[in-house]
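Worksheet: one structure, shown below.
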Amino acid sequence: MEKMSRVTTALSGSALTGRTMHCHLDAPANAISVCRDAAQVVVAGRSIFKIYAIEEERFVEKLNLRVGRKPSLNLSCADVVWHQMDESLLATAATNGVVVTWNLGRPSRNKQDQLFTEHKRTVNKVCFHPTEAHVLLSGSQDGFMKCFDLRRKDSVSTFSGQSESVRDVQFSIRDYFTFASTFENGNVQLWDIRRPDRCERMFTAHNGPVFCCDWHPEDRGWLATGGRDKMVKVWDMTTHRAKEVHCVQTIASVARVKWRPECRHHLATCSMMVDHNIYVWDVRRPFVPAAMFEEHRDVTTGIAWRHPHDPSFLLSGSKDSTLCQHLFRDASQPVERANPEGLCYGLFGDLAFAAKESLVAVESGRKPYTGDRRHPIFFKKKVDPAAPFAGLASSALSVFEMEPGSGSMSWFVDTAERYALAGRPLAELCDHNAKVARELGRNQVAQTWTMLRIIYCSPGLVPGTNLSHSVGKGSSCGLPLMNSFNLKDVAPGLGSETRLDRSKGDTRSDTVLLDSSATLITNEDNEETEGSDVPADYLLCDVEGEDDELYLLDPEHTHSEEPEYVLPQEAFPLRHEIVDTPPGPEHLQDKADSPHVSGSEADAASLVPVDSSFSLISVSHALYDSRLPPDFFSALVCDMLRFYAEQGDVQMAVSVLVVLGERVRKDIDEQTQEHWYTSYIDLLQRFCLWNVSNQVVKLSTSRAISCLNQASTTLHVNCSHCKRPMSSRGWVCDRCHRCASMCAVCHHVVKGLFVWCQGCSHGGHLQHIMKWLEGSSHCPAGCGHLCEYS
Amino acid sequence: MRLATSANEAYTASLTVSELLCCKQCGGSRGQDEELGIRIPRPLGHGPSRFIPEKEILQVGSEDAQMHTLFADSFAALGRLDNITLVMVFHPQYLESFLKTQHYLLQMDGPLPLHYRHYIGIMAAARHQCSYLVNLHVNDFLHVGGDPKWLNGLENAPQKLQNLGELNKVLAHRPWLITKEHIEGLLKAEEHSWSLAELVHAVVLLTHYHSLASFTFGCGISPEIHCDGGHTFRPPSVSNYCICDITNGNHSVDEMQVNSAGNVSVSDSFFEVEALMEKMKQLQECRDEEEASQEEMASRFEIEKRESMFVFSSDDDEVTPARDVSRHFEDTSYGYKDFSRHGMHVPTFRVQDYCWEDHGYSLVNRLYPDVGQLIDEKFHIAYNLTYNTMAMHKDVDTSMLRRAIWNYIHCMFGIRYDDYDYGEINQLLDRSFKVYIKTVVCTPEKVTKRMYDSFWRQFKHSEKVHVNLLLIEARMQAELLYALRAITRYMT
């Protein structure tokens, strides 16, 4: 940043040189203005009024205009302006309402020339006529603008804005007679200097005060305004009605705005509060500033381009008592740091995302989530409207459209609506949910529910209640057994050598596990190899069907081996061994699986068996040793949940979490849970499943989630008489001044829950109606209707 | 009975509260009525204000459509029609904005939980020993599920609220002493720290209730019937009423004296208005001719600031009884101190460097959206409110007088307008008026009916309420400016 740079301007002929530099002032600055020769700058503030020469390496103080023994309020400047025709002429606006002109050509130390004390309040802005030598305009807090002829002792004309304080006045650069003024109430007025009686045009530009305005140096009709509402607006004044052509939203109120020379669409802004940076915006690209200067440590109060034809030097004064020269090339460009990625859902579930082209090229091949349900329909390069930015941050836009039918999320909606999450014993909940999943053709999910039930409910109950499932098991009992043995035979061949080696080195009980896991892996391998043979519509359910079988065969399988391996062992060591081992096979599997999965098939479906293999392990052991505490499985269940969430089926993860409650909650960290909950709630709300989402919020054990219901919950009610929305209060209508809902029992206004009969539309307080209908079946209003309360 | 409905509603709550808040002197005698089984409260005061005769105040039922809407809104928001509303309805335009802001601050979305908001209201009101507001908000606080234990004193509240105590104290009495260190202390207190948004909410609430306390005392608002001191359970024949029910020595004896004094000077006060108008006219005309030098302008501000320190009611040394609400603040002795008198100096705060419109608004709106807008509107309405009348005169431009009052209050807080000639204040505001302003703004608990009656004797009550609105809004803005400037300094 501190390096030297030489910039030659094309138009001015003389070369401007300089670097980014700053100098310390004695006091905070309120405004700055540059001399026509671009070599001097004047800084004015409450207790500073100095002229600095801008040299190549530094600022040099040339003149202190603040002379005299006693500080006078006339010297407390709110604004300063240097005449653009006459290098020796300056004007300041004092906070006490005085307009002072200064003649640098005066021989004495005191350069003060004239004093105009016509304004009653603080003068906010002074402005010289761009071409006329003696015309000065001022705008004041008292709501008046005054035009002074410097050859006379008092004002030539007074313009009354008829509204509040004037914040800025600016002569038009092109139209000799026109000037614009901005007001504290959000108005902008256009005046003809010859007609002080009324303004030519007036329009409301901002919500709240308009702090500044600036005419475009080339486009005669363009006026930029900045306001407290954090907006910069560019108006086209050539049309009959002022038309807003551009709008830039900044992050803080806009105190100054200045068009950048030689760049038609650029303007610089600084803020009055909170934000200390200076931004240069391209108005066509209103979301990211083109350049940003971050030198100041307190709010910037004045900005000025050094030369009217040189776009690279910007001068600024600040409340932190520094004067800065910024070089455009040293500016930081937020675009570079910007994240050019965006993601959005369409109305019908289409997904569009924009990302850096390089990223898209690499990643599009391995996007597991988008690949399974959607496919890209077009992929085009975004045509950038602002040509100069094209190289800075170009991004590619991809749109994924829902495949008709296939992408239907009806299963999600159905599941969400039909799942039972609470209110019944765990076993019943699991059975119910398994049934729901099975009916929707989601067998894997159904299976998972069944297994959860087996794990967490006492084993004694299993055969009794699980009738429907045992039928299924029974029917498929014979064949899978065969299968399993086949698989087992294959296992050593397909399994990696290292694994086998390790299993040999370990204890015998360990091999039990390894064996079982080995079968699973081979099973999976088997499946993958078969994947090429099976038809294209080989879907999850088929795989799950196999899981089902495996589930059944495994107990058999382990039981058959039990006498061989386990009998010589004591019960305790065995258990301990088991507790320790599960992570082992998992890691092994992970290692072994990854090349298969990512290498052979990018399809997410291939991941499914991995999970079912986990559950298989757990199930087999549950049956194998029914006295195992459910705690034993929690790690596996957690993995299972993570797997579902990973897959995008956060519904399953959350539902299981809710159903199992305390049993697994402690094993999954709060943050993950919260993340799942919020994702699921978000999904539910996208599908307008408000009731379910509310139920989930209620049942969630995470504090952050359950308080969602308590914050910002608004219920909008319409008045029952005039059918208009009741905005301010939910129980009294603003328009017809009636209380909307009266309780039929107590005849008071119902402010909270209102329950009413759908037959006769009478109702009242929930408690009252409940009580009433306990004793009577007739409507409490006496209309004779037989109301029902359920 | 005007407040019958609201009183019934809040009655159960107030009973529990009265157990807590019952003042020591009365505590015993109240119990005597228990044996009767039913206790029927009778209103103690006459009308919503002790200063303004009941017949002067708008009767519920006789209001026009606009006022009716306001009443309905107020009732709907608060579940009551409190005395403040009944007095403020002299100026419906302002009341609307006031209620909207208050409703937003207390009930709408905001960073602070509901019970915190009411508790902060209690803390703020308690600084001025304003039992009226304290009682109201104790009810509300319990209503929204606040922990009754907190009411036993600030030390029983969470550490976070205790930390706010210091800011509350400084803000209420010497806002110019607020530094960014105060802000930093609140924001960086580990688990008890405030967020910026919460802090701004709290600051707005504190300033709102400090100034509302000023209004309550300035207009002599009577206690609500359901609150402590608003009713009695004694039969009407018992004459020795409890002294604590009547705050600040506004005994009926006092009223008698003042009334007789007032009658004597009716003719004097007539000329008072005439003289004031004459002065305004003069100032308007000769402003351009007679130009004071800069030094003189500067010294006029200093003189006014210094003098405002001396302006105090004669019964300055009146000892305020230690009331039970005092348990909400730790340090009773910390009040508005006359610094000049003790050789200390109130630093000058220049509005041109930090004003509400440009700076304060942006900060508040950034940290607590929409509230900046609401407060801005309220300031605006209060500052610009005029009916172009003065006592019996019509079509008077009162802007000069209003500006003098506004700037005088800011002057007391050391806030200076570069473009104002502080000589005007001396011309327009006479001593008794200054005494009233000073007392209402700085030590509202010391306002007496005598003070209220002795300024602007010819003016209508609605005009005196108008003055009060100017006072409270100017005070609120002054406090806000200091607090927000400290926050801004902390942020930069």
Side-chain angles (χ1 to χ4, degrees), chain A residues 28 30 45-46 70-76 78 94-98 117-124 140-142 164-165 167 184-185 207-209 211 228-230 251-253 255 271-276 296-299 319-320 710-712 714 728-732 734 737 739 749 751, chain B residues 5 9 65 68-69 72-73 75-77 79 99-100 103 107-110 113-114 196 284 287-288 291-295 297-298 301 350-355 357-367 372-373 376-377 380 384 399-400 403 416-421 484 487-489 491-492:
Chain A
N30 275 349
R46 172 168 292 283
K70 282 199 168 174
S72 157
L73 270 183
N74 292 347
L75 289 167
S76 159
T95 49
N96 62 350
V98 179
T117 51
E118 292 185 29
H119 284 295
K120 292 190 187 103
R121 306 281 307 267
T122 301
V123 178
N124 286 320
S140 157
Q141 198 76 16
D142 59 14
E164 286 171 67
S165 316
R167 297 309 296 245
E184 202 152 281
N185 58 2
N207 180 16
F211 287 138
R228 193 172 70 180
D229 58 358
K230 306 178 191 174
I251 56 166
S253 58
S271 161
M272 191 169 271
M273 268 305 279
V274 193
D275 187 21
H276 311 155
H296 288 300
R297 299 272 74 86
D298 203 337
V299 284
K319 280 247 192 275
D320 63 1
Q710 263 116 64
S712 310
T714 320
S728 55
R729 243 81 50 184
W731 45 273
V732 59
D734 291 337
H737 302 294
C739 290
V749 187
K751 293 188 194 175
Chain B
T5 37
E9 262 182 39
H68 182 82
T69 323
D73 279 353
F75 184 76
L99 289 174
K100 209 160 87 184
H103 181 239
Q107 274 139 323
M108 302 297 276
D109 269 355
L114 292 179
L196 265 176
Q284 200 92 46
R287 178 183 265 163
D288 304 319
E291 265 309 319
S293 74
Q294 288 308 311
E295 294 77 49
M297 297 286 261
F301 172 75
R350 295 192 183 254
V351 155
Q352 266 74 10
D353 292 344
Y354 198 101
C355 65
E357 286 80 14
D358 294 1
H359 305 92
Y361 170 91
S362 300
L363 185 66
V364 171
N365 233 24
R366 185 188 180 89
L367 295 169
Q373 190 66 41
D376 192 39
E377 268 171 38
H380 230 266
N384 292 324
S399 60
M400 186 180 270
R403 193 166 165 217
R416 175 171 181 192
Y417 291 79
D418 282 348
D419 52 0
Y420 188 68
D421 175 6
L484 293 174
I487 294 176
T488 310
R489 284 187 176 161
M491 288 167 74
T492 51

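What's counted below: heavy atoms across the whole structure, side chains too, no hydrogens, waters or symmetry copies. Residue numbering restarts at 1 for every chain, and letters A, B, ... go by the order of the sequence lines. The structure presented is a predicted model; accordingly, all values stated were derived computationally and were not measured.
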Worksheet item: Which distance, rounded to the nearest 0.5 Å, do you find between the CD of A:E164 and the NE2 of B:H380?
Response: 4.0 Å

Worksheet item: If you round to the nearest 0.5 Å, how far is CD of A:E184 from CG of B:D358?
Response: 6.5 Å

Worksheet item: Side chains of B:Q352 and A:S76: is there a donor and an acceptor less than 3.5 Å apart?
Response: no

Practice prompt. Could you grab the distance from atom NZ of A:K120 to atom CE of B:M400, nearest 0.5 Å is fine?
Written response: 8.0 Å

Practice prompt. Search all heavy atoms of B:D418 against all heavy atoms of A:N96 and return the closest pair with its distance.
Written response: O-CB, 3.2 Å

Worksheet item: What do the steps show when you test B:R350 against A:T95 for side chain to side chain contact (heavy atoms under 4.5 Å, CB included), and what is the final call?
Response: CA-CA 10 Å; B:R350 295 192 183 254; A:T95 49; 6.0 Å; no

Worksheet entry | Donor-acceptor contact present, side-chain B:D419 to main-chain A:R121, <3.5 Å | no

Discussion item. Salt bridge check, B:D376 against A:R228: does any charged N sit closer than 4.0 Å to a carboxylate O?
Written reply: yes

Worksheet item: chain B heavy atoms under 4.5 Å from A:H276: which part of the residue, side chain, backbone, both or neither?
Response: side chain

Practice prompt. Mind running side chain to side chain contact (heavy atoms under 4.5 Å, CB included) on A:M273 and B:Y354 for me, showing each step along the way?
Written response: CA-CA 10 Å; A:M273 268 305 279; B:Y354 198 101; 3.8 Å; yes

